[in-house]
Novice: 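Take a look at the following structure, please.
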Amino acid sequence: MEKIASFLLLLCVLYITTSTATAASVDTSYVTTSCKSTTYPALCMRSLSGYARVIRRSPRQMSLVALSVSLSRTKSAYSFLTKLKRFKNLKPRESRAIADCLELMDDSVDRLSKSFQEMKNLGRVKSRDFLFHMSNVQTWASAALTNGNTCLDEFADKSMNGKVKDSVTAQVANVVQVTSNALGLVNQFANNNRQ
């Protein structure tokens, strides 16, 4: 029984060592290089380097993953704002601003979903239609970025301060930054693939 336990422990150690070595050996140089051209390169690296195995060296995959991360963060912000709206003791101005931001984040989820789907389908698009579809991706991602900035503007007023403002701006600023990075990577992909 002791030999079996020792053998199982050895197998676990080998598995962990192999898994760690494999994870460590994933090449993130392409992600690093691509992220240098974004507005928030450090955030780009943090949010995308975990997907290096999926991205490989594909600008299209890089754009897809960046849009997916942006969509995920936007959904998270929407969920956060939904919960925050239920709080009692919100000032009327805070409540209105949160309601406006909820609409904006809901619209952004829709736009980023469309942008992601359009980008995903680009592989099947004939070259003469590339610019049309690429333009859709860029327009929808740009609209989502504008929505995020508009939400931040709702909380920019000096009368808006305190924990509500801080928590909303932290969530939405992150959405704006990852969306800006995604749009930058999409634009880079588009510029390199113009027919």
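Heavy-atom basis, side chains included; hydrogens, waters and symmetry copies ignored.
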Novice: Looking only at non-hydrogen atoms, find the nearest pair between Arg93 and Met160 and report the distance.
Specialist: CG-SD, 3.2 Å
Novice: Mind checking whether Glu154 and Val168 have side chains closer than 4.5 Å, heavy atoms only?
Specialist: no
Novice: Taking a hydrophobic cluster as the set of Ile, Leu, Val, Met, Phe, Trp and Tyr residues connected by side-chain heavy atoms closer than 4.5 Å, whether directly or through intermediates, do Phe155 and Leu84 fall within one such cluster?
Specialist: yes
Novice: Tell me whether Asp110 is salt-bridged to Lys114, with the criterion being a basic N under 4.0 Å from an acidic carboxylate O.
Specialist: yes
Novice: Working to the nearest 0.5 angstrom, can you tell me the gap between Gln61 CD and Ser68 OG?
Specialist: 10.5 Å
Novice: Is it the case that atom OH in Tyr51 sees more than 12 heavy atoms from other parts of the structure closer than 6.0 Å?
Specialist: no
Novice: Looking only at non-hydrogen atoms, find the nearest pair between Arg111 and Ala143 and report the distance.
Specialist: NH1-CB, 3.3 Å
Novice: Taking C-beta and beyond as the side chain, do Asn121 and His133 meet within less than 4.5 Å on heavy atoms?
Specialist: no
Novice: Can a donor-acceptor pair be found between the side chains of Ser180 and Thr39 at a distance below 3.5 Å?
Specialist: yes
Novice: Is there side-chain contact between Tyr40 and Ser47, with heavy atoms separated by less than 4.5 Å?
Specialist: no
Novice: For a 4.5 angstrom cut-off between non-hydrogen side-chain atoms, does Lys36 reach Cys44?
Specialist: no
Novice: Could you tell me which non-hydrogen atom of Gly148 sits nearest to which non-hydrogen atom of Val172, and how far apart they are?
Specialist: O-CG1, 3.5 Å
Novice: Any idea which heavy atoms bring Val137 and Met119 closest together, and the distance?
Specialist: CG2-N, 3.6 Å
Novice: For a quick test of reading the model, state the closest non-hydrogen atom pair linking Ile55 to Val65 and the distance between them.
Specialist: CG1-CG2, 3.8 Å
Novice: Is Ser167 close to Phe80 at the side-chain level, that is, under 4.5 Å between some pair of heavy atoms?
Specialist: yes
Novice: Between Val164 and Ile98, is there a side-chain heavy-atom distance shorter than 4.5 Å?
Specialist: yes
Novice: Determine, step by step, whether Met134 and Asn193 satisfy the side-chain contact (heavy atoms from CB on, under 4.5 Å) criterion, reporting the C-alpha distance in whole Å, the side-chain angles of both residues, the deciding distance to 0.1 Å, and the verdict.
Specialist: CA-CA 10 Å; Met134 198 66 237; Asn193 288 280; over 6 Å; no
Novice: Nearest heavy-atom pair of Val175 and Arg73: which atoms, and what distance?
Specialist: CG2-O, 3.4 Å
Novice: Is it the case that Ser49 and Thr28 place a side-chain donor and acceptor less than 3.5 Å from each other?
Specialist: no
